[in-house]
Amino acid sequence: MIRLLRPRAVRFGRQLSTQRKWEYFEDVQMRPGGVALVKIDVPGKMNVIGDGMRAEAEKLLDEELFKSEVRAIVFASAKPDNFIAGADIKMIDAVENKADLKDMCLLGHALFKKMKSRGVPLVAAIHGSCLGGGLEWALHCDYRIATSHKKTVMGLPEVQLGLLPGFGGTQNLPPLVGIQEAVKMMTTGAKVRPDKAKKIGLVDLVVDLPALEEVAVQCALDLADGKLKPKRKKKALANQLLEDNALGRAVLFDQARKQVQKASGGHYPSPFAILDCVQKGYSGVSKDEALAYEAERFAGLAATKESEALISIFNNMTALKKSKFGEPTLKCQRVAVLGAGLMGAGIAQVSAEKGFQVLLKDKDAAGCARGEKYISDNLLKKVKRKKMTKFDYDLTTSAVTTLSDADTVWPKHFNKVDMVIEAVFEDIGLKHRVIADMEQHLPEHAIFASNTSAIPIAELAKGSSRPQNFVGMHYFSPVPQMPLLEIIPHEGTDPAVAAAAVDVGTRQGKTCVVVKDVPGFYVNRCLGPFLIETTALVQDGVGLEQLDKLMLKFGMPVGPITLADEVGVDVAGHVASFLSKADLGVRMTGGDVSLMTTFIEKKWLGKKTGKGFYLHEGGKKGKKTVNPEALELIQPLVNKKELSDEEIQMRLMGRFINEAIFCLQDGVIDDASSGDIGAVFGIGFAPFRGGPFRFVDTYGAAKYADTMNGFADKYGEQFRPPQLLLDMAKAGQTFHK
């Protein structure tokens, strides 16, 4: 069908044809009654606020929107899936003297002040992502209308970059939704869906997408005619007592700071700065003074090492979206998963959620039922939290077909798949049998991927009749929550197969890091020495709870003892034992993994059995206590040493960081950026430190090398740093330029 549309600029790169007046906006459409419809259309896929866009917006106001015939203005987006995604991070990153960012914020404030100075109603018609500066743009409007579409989300996520909302968000959000809701949104960076936004008063109306434009125009006209008045949400009495008097606010902000301290460990300055800015707005100063304070604090945060680290993670994640293998020639649509345990069911879930048709196969009906229940339970939680509609739940669950060995039709189903991902038990003999059994029923083009956590892909590919179609795809548990996926081609993997694997992972919502085919790949290879050093420190008399607390203090999400119990002592023990026999040599010495072997023999596997290093009682939220039997087993091995907290932290993290640098030196990872992303997204390496490589840059390569050499002289060669680090320290170089 041919549609006749109003002529629009044709882009080649960033060039615009003469048919369109503006670079960052479509030509203004004047609607009956004097409503100006302004569609934001920044070059590229996403609308972002940069200097160019801001300057042109001012010019647009002067030349077209301040005319007498304009009685109301509607701001919408010409993009299919975003209103405004936020400020241009590249612009912030490129400013060398971060103090200059205060002026950038003040220029933004001036734009919005000018926008409102005309005195005509402003309406934001929101569809898709409305985040950061995008939501701040909408907050300056008099009326906000959002679509009910699942792609529509609103939020102020600047805290996740170590920043705060710098275009008035700290001053404009609290009066609209209340101090408590605003503080929660800004200090966590949480995204709000349309129904929740309507409930808390963030938007005035929620409509279906096809109606958005016309409803927005009509609302703008009604506002101009005085027929429509925005209705602000009335506060509950308890909230009035807390928020509408100085004493209540003092209590509120005090409690908020305590909660932020508990949640962040004090490692992140931005949530505290956000609280300061909100409180400033209620201190009796003028709005302009509060906005100037916000701009000043924004610039100060941008200069912190925490913000630099968090922005680097964002930039690295964005860069990894572009596959080194290029666009895939095979676009997989049908995926089969072998094994309906936690890993297999998790892979099936994220695949179905992203539109793949999924086969989930297990050896018997009971296994299939457990997998189905796992998926259903996870999705029903999303429905309950209103993160998924019942329709999308039905659509997702219907995309998963379970099959067992007893189902004689399963070979016919497998004959149509594009990719098989095996997630069976970590035994090379079993995996070889599964590969051989499956391949005879697969079409010629089908890709076979293994979710092994440590076994070299080349060894597994020896069991394949088409090794060129074989690749590793290492997911992390729990799959629906963990964002990392390691893609591991072996030497014989067809690059087109690797490209397809990266594409599948990306479409599943994962951040894909391509790693070399070596034992443990990247993340688990680094975890091996880390786990060994954990046992060494326990033998040196460091308490189990003390170890966990010190790692939390360093910024890790959990300590090594809790980590072993969470993932399973058997899993941690398997990784450590496997790597001890692999190619790491002296780097896997210094501790004794036989302790974990004893735990496994006693069925002390951690949380899943209720007993490991800790006793786990009372379900998921039950308080854990140290297992006295574990202490009794450990005690004869202890030879207590006097160690400082910093030495314990550096010994443990140094083993991980050293191995990460060895991985870069040996070509296991392509660059330091991939290594940082792998560590942050794979094990939660303290995000505010930016990953192991940025940590060394901040700590100082020479200082770090001296620390490790000192440990090597004191404790053994397992601490000796890689030659790459020594060379960099000597040359005064850093991993990140």
Side-chain angles (χ1 to χ4, degrees), residues 6 8 20-22 24-42 47 49 53-79 82-84 108-128 130 133-148 152 154 167-169 172-173 175-176 194 197-198 201-233 287:
R6 179 179 57 81
R8 173 177 168 167
R20 177 165 145 172
K21 182 176 180 180
W22 305 102
Y24 299 92
F25 300 87
E26 285 192 349
D27 293 341
V28 175
Q29 298 177 37
M30 286 304 301
R31 295 297 185 89
V35 177
L37 176 60
V38 180
K39 290 192 176 182
I40 304 161
D41 195 12
V42 175
N47 285 333
I49 302 174
M53 189 265 205
R54 178 198 54 75
E56 188 172 275
E58 289 215 32
K59 193 176 179 184
L60 179 68
L61 287 170
D62 288 333
E63 294 187 15
E64 300 201 36
L65 301 181
F66 279 7
K67 293 177 179 178
S68 58
E69 59 265 32
V70 175
R71 299 179 59 237
I73 302 169
V74 173
F75 292 107
S77 171
K79 306 294 187 190
N82 63 96
F83 177 70
I84 302 175
H109 295 160
L111 166 66
F112 295 124
K113 192 172 185 179
K114 183 174 185 176
M115 206 161 72
K116 293 186 74 70
S117 68
R118 177 77 164 75
V120 301
L122 306 176
V123 175
I126 302 166
H127 171 63
C130 179
L135 181 56
E136 289 175 291
W137 186 299
L139 288 172
H140 283 88
C141 295
D142 304 291
Y143 206 78
R144 286 158 294 280
I145 305 169
T147 70
S148 57
T152 298
M154 287 149 277
F167 287 151
N172 294 327
L173 185 63
L176 195 64
K198 178 71 168 65
L202 182 57
V203 299
D204 299 278
L205 200 59
V206 176
V207 300
D208 290 336
L209 175 57
L212 177 65
E213 191 173 299
E214 293 309 316
V215 169
V217 169
Q218 186 60 52
C219 286
L221 185 59
D222 289 347
L223 286 165
D225 290 339
K227 297 178 181 177
L228 177 65
K229 302 281 185 187
K231 292 181 181 178
R232 296 296 167 237
K233 182 174 178 286
K287 179 76 172 285

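Counting begins at 1 with the first residue of the sequence.
Residues meeting the side-chain hydrogen bond (donor to acceptor under 3.5 Å, both in side chains) test with Glu56, sequence neighbours left out: none. Taking the side chain to side chain contact (heavy atoms under 4.5 Å, CB included) definition, one finds that Pro230 meets it with Tyr143, Asp204, Leu223, Arg232, sequence neighbours left out. Take Lys39 and apply the salt bridge (charged side-chain N to carboxylate O under 4.0 Å, His left out) test, not counting sequence neighbours, and it matches Glu213. Under the side chain to side chain contact (heavy atoms under 4.5 Å, CB included) criterion, Ser77 pairs with Asn47, Lys79, Phe83, not counting sequence neighbours. By the side-chain hydrogen bond (donor to acceptor under 3.5 Å, both in side chains) test, Ser148 pairs with Asp208, sequence neighbours left out.
You'll find the side chain of Val217 stays beyond 4.5 Å of the side chain of Leu221, heavy atoms only. Between Asp225 and Arg71 the shortest side-chain heavy-atom distance falls below 4.5 Å. Taking 4.5 Å as the limit, every side-chain heavy atom of Phe75 sits out of range of all side-chain heavy atoms of Ile84. Pro194 has its side chain out of reach of Val203: every pair of non-hydrogen atoms, C-beta onward, lies at least 4.5 Å apart.
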Donor-acceptor contacts under 3.5 Å from residues 110-123 side chains, at least two apart:
{"unit_1": "Lys113", "atom_1": "NZ", "unit_2": "Asp288", "atom_2": "OD2", "d": "3.1"}
{"unit_1": "Lys114", "atom_1": "NZ", "unit_2": "Asp62", "atom_2": "OD1", "d": "2.8"}
{"unit_1": "Lys114", "atom_1": "NZ", "unit_2": "Asp62", "atom_2": "OD2", "d": "2.9"}
{"unit_1": "Lys116", "atom_1": "NZ", "unit_2": "His140", "atom_2": "O", "d": "2.9"}
{"unit_1": "Lys116", "atom_1": "NZ", "unit_2": "Asp142", "atom_2": "OD1", "d": "3.4"}
{"unit_1": "Ser117", "atom_1": "OG", "unit_2": "Lys114", "atom_2": "O", "d": "2.6"}
{"unit_1": "Arg118", "atom_1": "NH2", "unit_2": "Lys67", "atom_2": "O", "d": "2.5"}
{"unit_1": "Arg118", "atom_1": "NH2", "unit_2": "Val70", "atom_2": "O", "d": "3.0"}

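Scanning all heavy atoms of the two residues, the minimum distance from Met154 to Ala146 falls at CE-CB, 4.0 Å. Scanning all heavy atoms of the two residues, the minimum distance from Trp22 to Glu63 falls at CH2-OE1, 3.7 Å.
Counting non-hydrogen atoms of neighbouring residues, nucleotides and ligands closer than 6.0 angstrom, the NZ atom of Lys233 exceeds 12 such neighbours.
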